[in-house]
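Have a look at the structure below before the remarks.
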Amino acid sequence: MNNFRYDTHMHVDLYKNIKQVIDYIEENKSYTIAVTNLPVLYEKYSREYQNLKYIRFALGLHPELAFQYKEQIPLMLEYIKAAKYIGEVGLDYCTTNIDNRETQRIAFRELIEHCDKYGGKILSVHSRRAAKDVLSIIGDSFDGKVILHWFSGTKRELMIAIKRGCYFSINSDMINSKNGMELIRNMPLDRILLESDAPFTKDTKGAYSLDFILKVEEGLSKIKGVNTESVNQILRKNFKSLLDV
């Protein structure tokens with residue numbers, strides 16, 4: 001098995017030992033999209049870590065923070081033009097607060113409009129309990145690549161997302177849950193990407209390790225009935241397709 005490694009969704013800044021985690025990723029040559037939760041954090045880390053070879057910071061406004069930090073929406077829109085990677089963004093309907101949900105929709109709608117205008121962005125999108133509205137806002141002619149991170153919507157919503165060309169990033173918690181396995185079973189292999197969602201999965205809470213990759217590959221192999229070596233090659237090809245390389 002080759003040593004090509006990548007992670008399309010992780011929160012490097014949520015580790016106290018951020019410098020050690022960055023060094024670990026760089027030393028292991030793992031291509032990584034490090035999502036952020038606020039535009040000010042994206043600006044901070046992009047400025048502090050300008051010369052990394054394998055890590056790219058993504059411009060984010062996490063939906064669970066959008067209402068509390070709504071004054072940062074203009075800053076997010078300002079940074080979009082120069083940002084290649086966007087995340088973590090989207091909607092989260094765990095809250096039942098009407099104003100909170102509406103602020104999320106406003107922020108996400110404006111984000112999508114700006115990304116579509118510039119074109120070519122790669123988005124890592126959160127859609128917990130909100131996949132229907134997420135897909136509605138993105139639409140069916142978006143000029144960019146959309147990764148639905150840790151997707152947990154319905155099968156019907158999954159089919160709509162597949163039809164619209166979305167990718168799906170999966171992690172080690174998903175391959176060990178009944179709902180996650182069922183969704184993965186229905187995802188096309190050529191649309192699946194690796195993610196750790198560190199430090200929010202069981203394997204990455206204490207420390208960041210690339211061991212999650214093999215666990216996901218082995219789990220995906222069992223779910224899809226495809227040997228692990230083939231899964232590894234497909235996941236590598238999918239990542240390169242995402243980046244158009």
Side-chain angles (χ1 to χ4, degrees), residues 6-10 33 35 62-64 86-96 100-101 104-105 108-109 111-112 115-116 121-197 200-203 212-213 215-228 230-239 241-242:
Y6 71 85
D7 186 348
T8 60
H9 188 106
M10 63 89 67
I33 299 175
V35 298
H62 196 288
E64 290 183 291
I86 312 291
E88 179 167 2
V89 295
L91 302 176
D92 189 302
Y93 284 178
C94 282
T95 178
T96 56
N100 189 313
R101 287 188 177 190
Q104 289 184 45
R105 285 190 290 267
F108 189 54
R109 194 174 292 114
L111 170 92
I112 291 297
C115 288
D116 191 47
K121 308 298 183 184
I122 296 175
L123 280 63
S124 186
V125 178
H126 179 116
S127 60
R128 185 166 51 185
R129 300 186 185 177
K132 180 180 178 181
D133 281 0
V134 162
L135 293 169
S136 175
I137 290 172
I138 294 171
D140 56 9
S141 59
F142 178 70
D143 185 1
K145 303 278 184 73
V146 174
I147 308 168
L148 293 175
H149 131 77
W150 201 330
F151 184 77
S152 58
T154 65
K155 186 175 179 181
R156 183 176 183 276
E157 290 162 345
L158 174 65
M159 293 303 116
I160 293 171
I162 293 169
K163 187 176 180 181
R164 293 184 180 176
C166 295
Y167 287 87
F168 305 90
S169 54
I170 68 171
N171 57 57
S172 53
D173 279 13
M174 288 181 73
I175 62 170
N176 289 312
S177 76
K178 183 178 178 181
N179 186 56
M181 287 189 288
E182 184 59 28
L183 285 167
I184 291 168
R185 195 170 285 114
N186 287 284
M187 292 174 185
L189 254 178
D190 63 358
R191 301 278 186 83
I192 295 177
L193 297 163
L194 292 165
E195 70 158 56
S196 66
D197 198 19
F200 294 108
T201 51
K202 292 183 181 70
D203 291 334
F212 82 91
I213 294 175
K215 290 184 180 180
V216 174
E217 290 180 343
E218 289 176 343
L220 188 55
S221 172
K222 291 177 183 176
I223 293 168
K224 292 291 193 182
V226 179
N227 68 68
T228 309
S230 295
V231 166
N232 177 275
Q233 293 298 323
I234 291 167
L235 291 174
R236 174 177 180 167
K237 183 179 179 181
N238 294 350
F239 184 70
S241 174
L242 175 76

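Annotation: the span from Asp197 atom CG to Ile170 atom CD1 amounts to 13.0 Å, rounded to 0.5 Å. The distance from atom CG of Asn186 to atom CZ of Phe168, rounded to the nearest 0.5 Å, is 10.0 Å. Atom CG of residue Asp143 and atom CD1 of residue Ile112 lie 11.5 Å apart, to the nearest 0.5 angstrom. Going from atom NZ of Lys222 over to atom CZ of Arg185 covers 13.0 Å, rounded to the nearest 0.5 Å. Put simply, NZ on Lys155 and CG on Asn179 are 12.5 Å apart, with the number rounded to the nearest 0.5 Å. In this structure, SG in Cys166 is found 12.0 Å from CD in Glu157, a value given to the nearest 0.5 Å.
With no hydrogens or angles considered, no side-chain donor-acceptor pair links Thr8 and Tyr167 at under 3.5 Å. In summary, the side chains of Asp7 and Ser196 do present a donor paired with an acceptor at a separation below 3.5 Å, with no hydrogens or angles considered. Of the N and O atoms on the side chains of Asp203 and Ser172, at least one donor lies less than 3.5 Å from an acceptor on the other residue. In summary, the side chains of His9 and Ser169 do not present any donor paired with an acceptor at a separation below 3.5 Å, with no hydrogens or angles considered.
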(message) Does Thr201 form a side chain to side chain contact (heavy atoms under 4.5 Å, CB included) with Phe212? I'd like the steps, not just the answer.
(response) CA-CA 10 Å; Thr201 51; Phe212 82 91; over 6 Å; no

(request) Check step by step if side chain to side chain contact (heavy atoms under 4.5 Å, CB included) holds for Glu217 and Leu235. (result) CA-CA 9 Å; Glu217 290 180 343; Leu235 291 174; 3.7 Å; yes

(message) Between Ile33 and Ser124, is the side chain to side chain contact (heavy atoms under 4.5 Å, CB included) condition met? List the steps.
(response) CA-CA 9 Å; Ile33 299 175; Ser124 186; 5.7 Å; no

(message) With side chain to side chain contact (heavy atoms under 4.5 Å, CB included) as the criterion, how do Asp133 and Tyr93 come out once you've worked through the C-alpha distance, each side chain's angles and the decisive distance to 0.1 Å?
(response) CA-CA 10 Å; Asp133 281 0; Tyr93 284 178; 2.5 Å; yes

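A donor-acceptor pair under 3.5 Å is absent between the side-chain atoms of Lys121 and the main chain of Gly144, judged by distance alone. The backbone N or O of Ile192 sits less than 3.5 Å from a side-chain atom of Asn238, completing a donor-acceptor pair. Checking side-chain atoms of Lys132 against main-chain N and O of Gly153 turns up no donor-acceptor pair under 3.5 Å. Between the side chain of Asn100 and the main chain of Thr96, no donor-acceptor pair closer than 3.5 Å is present. Between the Arg128 side chain and the Ser152 main chain, no donor and acceptor come within less than 3.5 Å of each other. Not one N or O on the side chain of Asp140 forms a donor-acceptor pair closer than 3.5 Å with the backbone of Arg164.
Aromatic ring pairs are classed by plane angle as parallel below 30°, tilted from 30° to 60° and perpendicular above 60°; the pair His149 and His126 is tilted.
Contact detail for Val216 and Asn171: the closest heavy-atom pair is CG2-C, 3.7 Å. Between Trp150 and Glu195, the closest heavy-atom pair is N-OE1, 3.6 Å. The shortest non-hydrogen separation linking Ser221 to Val231 is CA-CG2, 3.9 Å. The shortest non-hydrogen separation linking Pro63 to Asp92 is CB-N, 3.7 Å. What you find for Ile147 and Leu242 is that their closest heavy atoms are CD1-CD2, 3.9 Å. Here the shortest heavy-atom pairing between Val226 and Leu189 reads CG2-CD1, 3.9 Å.
Salt-bridge check for Glu218 with Lys215: failed, with every basic side-chain N at 4.0 Å or more from each acidic carboxylate O.
Counting heavy atoms from C-beta outward, Leu194 and Phe239 have side chains that stay 4.5 Å or more apart.
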